[in-house]
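Report on one structure; see the data block that follows.
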Protein chains: 2
Amino acid sequence: MNKVFKALSDPTRRHVLQLLRDKPMSAGALAAHFTVSKPTMSAHFAVLREANLVDASKDGKSVIYRLKLSVLEDALLGFTGAIGLELNATKDTKDIQHD
Amino acid sequence: MNKVFKALSDPTRRHVLQLLRDKPMSAGALAAHFTVSKPTMSAHFAVLREANLVDASKDGKSVIYRLKLSVLEDALLGFTGAIGLELNATKDTKDIQHD
DNA sequence: TAGACAATTAGCTAATTATCTAAATGATGT
DNA sequence: ACATCATTTAGATAATTAGCTAATTGTCTA
């Protein structure tokens, strides 16, 4: 959980997660949304992988990143639960279609 | 919001927030829960104040820290909303008495 | 097999962070 | 006024972080 919060402490990484919310994307497609260099983005991806927030799979020349929503959810719920902040997951993911 | 996530990236600071969940506490009382020095704790408090996550008020020789739950809630909801992670506040704080 | 393309690794730097001890500030009580 | 107690500030250091360019690895395709 500490790694998750460390990962979330950088705005670029939070934005990456946000981009991955809709659909998996390649490292290059993600990097295109930012002004920093590709090696810098690669380092951000490594932090997200290390926190287990994303999943990487090779597809030809590309690496496809996919958000692991449940890991994010667990970390956030773990924390809000400990704080007694009653954000509770509706878990009604029925109405949200992720293809 | 960035400052909130930066503040949350340190486990000591997250634990401080957790201790403040129940009741306001003095800097010294908070520091007593940790092994690091008091100046180090004071620096952590400064980060939490800077993020507007806590409120400090002087009471005699002591400084009393108080959690600002709504700021934490707003930052978390802002992020989960952007991600499309449907953690939603029940807001049934009826059953939780904060003095 | 050579070239092109996608991504990561290597190696570096500047800035930030967490930590410490010692000193300063500020309030209370004698 | 002075000693004491609570907390913060000053000043230093070691570790981490985000960023860069250049080089490497791996996969296609011509």
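You'll find that the side chain of B/A43 is closest to C/dT19, out of D/dT21, C/dT19, C/dT8. Checking D/dA10, C/dA27, C/dT9 against the side-chain heavy atoms of B/K58 singles out C/dA27 as nearest. Proximity note for A/D10 (side chain, C-beta onward) versus D/dC20, D/dT9, D/dA18: the nearest is D/dA18. For A/F45, counting side-chain heavy atoms from C-beta on, the closest listed nucleotide (C/dA7, D/dT8, C/dT8) is C/dT8. The side chain of A/P39 lies closest to C/dT8 when the candidates are C/dT21, C/dT8, D/dG19. Taking only side-chain atoms of A/V63, from C-beta outward, the nucleotide of C/dC20, C/dA10, C/dA7 with the closest atom is C/dA7. For B/K61, taking side-chain heavy atoms from C-beta onward, the closest of the listed nucleotides D/dT7, C/dG26, C/dT8 is C/dG26.
Here C/dT16 presents its C1' atom at 20 Å from CZ of B/F5, a figure rounded to the nearest Å. Residue A/I64 contributes atom CD1, which lies 8 Å from atom P of C/dA7 at whole-angstrom precision. Summarising the geometry, the separation between CE on A/M25 and C1' on C/dA6 is reported as 15 Å, rounded to the nearest angstrom. B/L48 has its CG atom 13 Å from the P atom of C/dT17, to the nearest Å. Rounded to whole Å, the distance from CZ on B/R14 to C1' on C/dA18 is 15 Å. Per the geometry, CE belonging to B/M41 stands 14 Å off C1' belonging to D/dA6, to the nearest Å. Between the CG atom of B/L30 and the P atom of D/dA6 there is a distance of 14 Å, rounded to whole Å.
Toward the 5' end of DNA chain D, the nearer of the two residues A/D59 and A/K38, judged by each one's closest nucleotide, is A/K38. Along DNA chain D, the nucleotide nearest B/G28 and the nucleotide nearest A/R13 are compared for position; the residue whose nucleotide lies closer to the 5' end is B/G28. Heavy-atom nearest nucleotides on DNA chain C were determined for A/A27 and for A/K6, and the one closer to the 5' end corresponds to A/A27.
Between B/F45 and B/Y65, the angle of the ring planes lies from 30° to 60°, which puts this pair in the tilted group.
When each of B/L20, B/V71, B/V16 is tested with B/V54 by the rule side-chain contact (heavy atoms from CB on, under 4.5 Å), just one qualifies, namely B/L20. For the side-chain contact (heavy atoms from CB on, under 4.5 Å) test with B/L48, the passing option among B/L17, B/D10, B/V4 is B/L17; the others fail.
Of all heavy-atom pairs spanning A/A56 and A/R49, the tightest one is CB-CD, 3.9 Å.
Side-chain atoms of A/K68 and A/N52 form a donor-acceptor pair, as typed in the model, at a separation below 3.5 Å.
For D/dA6, the OP1/OP2 oxygens have no side-chain nitrogen or oxygen of B/S62 closer than 4.0 Å. The phosphate of C/dA7 (OP1 or OP2) has no side-chain N or O of A/R49 nearer than 4.0 angstrom. A close approach under 4.0 Å does occur between a side-chain nitrogen or oxygen of B/T40 and OP1 or OP2 of C/dC20. Phosphate proximity of D/dT7 to B/S42: absent, as no side-chain N or O sits under 4.0 Å from OP1 or OP2. Applying the 4.0 Å criterion to OP1 and OP2 of D/dG19, one finds that A/H44 has a side-chain N or O inside that range. Contact annotation: A/Y65 side-chain N/O to C/dA6 OP1/OP2 distance is not under 4.0 Å.
Within the nucleic acid shown, A/S26 comes within 4.0 Å of sugar-phosphate atoms alone, with no base atom in reach, counting heavy atoms only.
Side-chain contact check for B/F34 versus B/H15: some heavy-atom pair is nearer than 4.5 Å.
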